[in-house]
Amino acid sequence: AGVRVLWGYQPWEQHLRPEGEPAWTTLAKLLNLTGADGFNGDTMDTMPFEFWQAGIQSGHKIVGEMEGGGYPHAKGWPTDKTFNSLNWDTIGWGYYHYGSGPDN
């Protein structure tokens with residue numbers, strides 16, 4: 001009890017096994033079938049609204065953990081240019097860059 005599960009998702013792997021539908025639809029179905037909570041968006045700065053919408057439509061709200069933490073980046077994916085995804089992208093991960101000083 002209390003265990004949370006995130007599936008890994010790599011947006012560049014769109015053609016390894018095409019499912020005949022958008023990735024967000026397939027992912028929402030798989031999360032719903034397996035009871036997983038959401039996905040880890042490797043290399044993604046923000047979570048496209050289509051993922052959230054697909055989760056709502058499947059009856060399973062999707063938790064998205066984006067590598068970029070939900071913050072837009074000038075060089076990110078086309079949908080990464082605004083802070084809009086902070087309305088549905090609920091978690092992210094942080095990078096901790098340590099210096100090279102004697103205390104590190």
Where Tyr9 and Ala23 come nearest, the two heavy atoms and their spacing: OH-CB, 3.4 Å
All pairs passing ring pair (Phe, Tyr, Trp, His ring centres under 6.0 Å) where residues 16-35 contributes a residue, at least two apart: Trp24-Phe51
Side chain to side chain contact (heavy atoms under 4.5 Å, CB included) between Trp52 and Gln57, worked out: CA-CA 9 Å; Trp52 176 255; Gln57 290 171 349; over 6 Å; no
Output, in order, the C-alpha distance, side-chain angles, deciding distance and verdict of side chain to side chain contact (heavy atoms under 4.5 Å, CB included) for Trp88 and Gln53. CA-CA 9 Å; Trp88 55 84; Gln53 194 172 36; over 6 Å; no
Listed by chain and number, what are the side chain to side chain donor-acceptor pair (under 3.5 Å) partners of Asn32, not counting sequence neighbours? none
Please identify each residue that fulfils side-chain contact (heavy atoms from CB on, under 4.5 Å) with Leu30, with sequence neighbours left out. Trp7, Thr26
Shortest non-hydrogen contact from Pro11 to Met44? CG-CG, 3.7 Å
Using 0.5 Å steps for rounding, measure from the CG atom of Asp89 to the CZ atom of Phe83. 12.0 Å
Can you see which heavy atom on Leu31 is nearest to which on His60, and at what distance? O-NE2, 3.6 Å
Please list, chain by chain and in numerical order, all residues satisfying side chain to side chain donor-acceptor pair (under 3.5 Å) with Lys29, sequence neighbours excluded. Glu21
Candidate list Gln10, Glu65, Glu67, test side-chain hydrogen bond (donor to acceptor under 3.5 Å, both in side chains), partner Asn40, passing option: Glu65
Under a side-chain separation threshold of 4.5 Å, the hydrophobic residues clustered together with Ile91 are Leu6, Val63
Set of residues satisfying side chain to side chain donor-acceptor pair (under 3.5 Å) with respect to Glu19, sequence neighbours excluded: Arg17
Report yes or no: do Val3 and Ile62 belong to one cluster of Ile/Leu/Val/Met/Phe/Trp/Tyr joined by side chain heavy-atom distances under 4.5 Å? yes
Please name all residues satisfying side-chain contact (heavy atoms from CB on, under 4.5 Å) with Asn87, sequence neighbours left out, ordered by chain then number. none
When every non-hydrogen atom of Ala28 is compared with those of Gly55, the smallest separation belongs to CB-N, 3.9 Å
